[in-house]
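Data block below; observations after.
Protein chains get the first letters and strands the later ones, always in sequence-line order, with residue 1 at the start of each.
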Amino acid sequence: MKVASWNVNSIRVRLEHVLEWLESEQPDVLGLQEIKMPTDDFPAEAFAEIGYQSIANGQKTYNGVALLSKQEGTDVIDAMPDFEDPQKRVLAATYGDLRIVNLYVPNGQAVDSDKYEYKLSWLAALQAWISEEAKQHEKLAVFGDFNIAPEDADVHDPAAWEGKILCSDAERGALNDLMSLDLKDSYRLFDQPEASFSWWDYRQAGFRRNRGLRIDLVLASEALCTSATAAGIDKEPRALERPSDHAPVWLEFT
DNA sequence: ATGGTGGTCCAACCA
């Protein structure tokens, strides 16, 4: 089994990239973030033609998540319980005995902003929801664009980013709380290259200079970690013409 | 010191 996550920054613009990546990598499940279109506009037919079913949870202009898969997803959840949110940022489904939670965590803009307070309250609601999901599903993967770099090793310039948005103590604390629900950052189960990132700013030639952050994560339950065989980040799509600013991240297990 | 790119949609917001 291979599961993957990719913030595509508009599925309209990135449709060909995603179709090509699915055909070459053949993941069993791919979660998308920032589809940036209403649910009803999602190009399900294009994915069906190459053998992928889809579930979308979108809105006009901003946010939006989707799940593409070879088998049908069941027990779909498209909003966190007990958290009113007009922003479409979550989508969960079950594939066989595997539970998938696909997240687009709020960016937060800056640590002194209203959007940061929204991010922290959103993460508190997530903690409550995922603790319930973890009780119900032994094989659980919680993946997506977390908009949090777990550690300084996940940041190109830790001194410059210290305490800043995506790296603040409160954000990292919320991520650690989530991981204390027996969920591991699966990328670190394996030896990885230094300076491994999943997002590079479009500005200042961030990708060419590898000035990035690793903020796209696949958190895996103990039952998944014990059968994990490989994890990685595929930088190839980030080097294409008109790329997303994020690369797909993936986990394989038996 | 400032702003620098890109998507959505055409002014301004979000990242």
Please produce a list of atom pairs where a protein N or O lies less than 3.5 Å from an N or O of nucleotides 3-6 of chain B.
| residue | atom | partner | partner atom | Å |
| --- | --- | --- | --- | --- |
| dG4(B) | N2 | Q204(A) | NE2 | 2.1 |

E138(A), CD: over 12 other non-hydrogen atoms inside 6.0 angstrom: no

dA12(B) versus dG4(B) - spacing of their P atoms, nearest Å: 16 Å

Between W199(A) and N7(A), a side-chain donor and acceptor under 3.5 Å: no

Can you pull every protein N or O that's under 3.5 Å from an N or O on nucleotides 11-13 of chain B?
| residue | atom | partner | partner atom | Å |
| --- | --- | --- | --- | --- |
| dC13(B) | O2 | Y62(A) | OH | 3.3 |

Residue pairs involving residues 104-114 of chain A (criterion salt bridge (charged side-chain N to carboxylate O under 4.0 Å, His left out); sequence neighbours excluded): none

Hydrophobic cluster identity match, L103(A) and L67(A), side-chain contacts under 4.5 Å: no

Set of side chain to side chain contact (heavy atoms under 4.5 Å, CB included) partners for D75(A), sequence neighbours left out: T94(A), R99(A)

T61(A) side-chain N/O to dG7(B) phosphate OP1/OP2 under 4.0 Å: no

Partner residues of K70(A) under the side chain to side chain contact (heavy atoms under 4.5 Å, CB included) criterion, sequence neighbours left out: Q26(A), D28(A), Y52(A)

Spacing of Q59(A) atom CD relative to dG7(B) atom C1', expressed in whole Å: 14 Å

Span that lies between the P atom of dT2(B) and that of dG6(B), in whole angstrom: 23 Å

Pairs touching residues 209-220 of chain A that satisfy side-chain hydrogen bond (donor to acceptor under 3.5 Å, both in side chains), sequence neighbours left out: D154(A)-R214(A), D185(A)-R214(A), S198(A)-D216(A), W200(A)-N210(A), D216(A)-H246(A)

Nearest heavy-atom neighbours spanning S121(A) and F83(A): O-CE1, 3.7 Å

For atom CG of N63(A) and atom C1' of dT8(B), their distance in whole Å: 12 Å

Co-membership, hydrophobic cluster, residues V101(A) and L178(A), 4.5 Å side-chain: yes

D152(A) CG: over 12 foreign heavy atoms closer than 6.0 Å: yes

D245(A) CG - dC14(B) P separation (whole Å): 17 Å

Hydrophobic cluster (4.5 angstrom, side-chain heavy atoms) - remaining members for V13(A): none

Spacing between K119(A) atom NZ and dC14(B) atom C1', to the nearest angstrom: 14 Å

Separation of L183(A) CG from S131(A) OG (nearest 0.5 Å): 10.5 Å

Exercise: do N63(A) and K36(A) side chains pair donor with acceptor under 3.5 Å: no

Qualifying side-chain hydrogen bond (donor to acceptor under 3.5 Å, both in side chains) pairs with a residue from residues 100-110 of chain A, counting only residues at least two apart or across chains: Q33(A)-N102(A), E34(A)-Y104(A)

Distance-only donor-acceptor check, side chains Y118(A) and S113(A), under 3.5 Å: no

Side-chain donor-acceptor contact under 3.5 Å, H156(A) with W161(A): yes

Close residues, residues 205-219 of chain A, relative to DNA chain B [heavy-atom separation under 4.0 Å]: none

Nearest-Å distance for atom pair CH2/C1', residues W199(A) and dC14(B): 13 Å

Distance, P atom - from dA1(B) to dC10(B), rounded to whole angstrom: 37 Å

Nucleotide-level pairing of DNA chain B, given in dot-bracket where Watson-Crick and G-U pairs need both distances under 3.5 Å and | marks other strands: ....((((...))))

DNA chain B contacts among residues 154-166 of chain A, heavy-atom distance under 4.0 Å: none

Contacts of type side chain to side chain contact (heavy atoms under 4.5 Å, CB included), residue T226(A), not counting sequence neighbours: E222(A)

Separation of dG7(B) P from H17(A) NE2 (nearest whole Å): 10 Å

Position toward the 5' end of DNA chain B (nearest nucleotide), H246(A) or V13(A): V13(A)

Euclidean distance, atom OH of residue Y118(A) to atom C1' of dC14(B) [Å, nearest integer]: 12 Å

Upstream residue (5' side of DNA chain B) when I11(A) and Q87(A) are each assigned their closest nucleotide: I11(A)

